[in-house]
Amino acid sequence: MILADVQELQAKLEKQAQAEEPDFELVLDLLNRLEALPVTKDILARTKVGKTVQKIKKFDAKNAVRAAKRVIKTWKALVTGASRLAAAPEAIASSTGGSPEASKAEQPTPSNASAAPSERASESSGQAAAAAVRPSTPDSWQELPPKRRTVRRKLSGALQKTGETGDNVYTVAEEIEQAMQELHDFETANSDYQQKFRMLFTNLGSNKALAQEVLRSELKAEELVRMSTNDMLSEEVRRERARVQEMNREAISLDWEQKNRAKIYKDLGIEGGVGQYPCPKCKSKNTSYYLKQTRSADEPMTVFCSCDDCRHRWRING
Ligand SMILES: [Zn+2]
């Protein structure tokens with residue numbers, strides 16, 4: 001059963017995550033095996049295996065960190081139903097957000113860099129050592145005029161006040177600065193650019209909810225740079241945006257489930273079928289069902305039904 005396989009791999013991975021000197025080869029292998037399993041949202045929720053994988057993102061081994069990120073991305077796509085939304089993969093990948101402490105070690109900053117991870121890195125493979133000396137800002141920024149580079153670095157700092165310190169901070173800072181630059185070219189509209197920077201820097205640094213929204217791509221950089229301070233401060237505006245976002249996610253995920261139900265049932269090892277129970281709401285026969293043991297084993301199974309036409313869901317107790 002998939003659940004048991006996941007739990008077994010998770011236990012081994014957890015052990016490595018706690019280890020003084022993790023075996024990076026083994027970690028890679030475990031991650032690859034986890035990724036190959038046809039997990040479901042249900043299994044992810046029950047095992048919380050995503051949390052375990054998040055811990056690997058703190059490792060000083062680029063390979064392992066990359067593999068962990070890939071696994072998380074795959075699962076996020078599963079959870080958010082984004083596997084079909086190839087058009088905006090990066091938006092979805094960050095929309096559900098990682099745990100705030102995730103991937104601290106990948107980006108040493110004055111506030112969180114500790115001696116331990118780099119010591120460990122120098123003792124292990126050369127690859128890990130290489131990861132430890134990686135600069136804290138992306139290489140591509142070096143080609144920018146100093147002013148734009150400084151703005152990006154300062155915006156990263158403001159975003160890091162949320163507790164998030166991974167690569168995503170730099171990606172988002174870059175997006176914001178890029179959007180600023182497109183709005184007010186720093187060479188021809190320097191004072192507008194500067195003013196925009198001060199305003200964004202202050203708001204992002206003092207308004208954690210706002211910074212988190214941007215980090216999760218719920219608020220796009222292009223929108224952010226066009227907002228007034230009032231817009232940024234408004235709780236009401238923010239709540240409404242969160243609500244719409246949540247509704248979209250839910251709709252996407254329902255849609256995905258509907259389309260992949262047969263596979264999900266098979267993966268879960270439960271029986272299912274179509275058309276047996278007409279929809280009590282719209283009378284359609286375009287329905288599906290599965291059986292599940294919800295009470296003790298000697299009692300009949302419960303039939304869970306759903307209508308593909310009107311999306312009505314109901315259950316029949318056996
Ligand atoms: Zn119906």
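Remember, it's 1-based here, ligands and their atoms both numbered in the order they're listed.
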If only side-chain N and O atoms count, and only distance matters, is there a donor-acceptor pair under 3.5 Å linking Glu14 with Gln18?
yes
Taking the side chain as every heavy atom from C-beta outward, state whether Gln178 and Arg152 have any pair of such atoms under 4.5 Å apart.
yes
Strictly under 2.8 Å of the Zn ion (ligand 1): which protein N/O/S atoms qualify?
Cys279 SG, Cys282 SG, Cys307 SG, Cys310 SG
Answer yes or no: is there a donor N or O on one side and an acceptor on the other, between the side chain of Glu164 and the main chain of Leu215, under 3.5 Å?
no
Check the orientation of Phe59 and Phe24. Use parallel for under 30°, tilted for 30 to 60°, and perpendicular for over 60°.
perpendicular
Just checking Arg70: does its CZ atom have more than 12 heavy atoms from other residues, nucleotides or ligands closer to it than 6.0 angstrom?
yes
Salt bridge present between Lys220 and Glu222 (N-O < 4.0 angstrom)
no
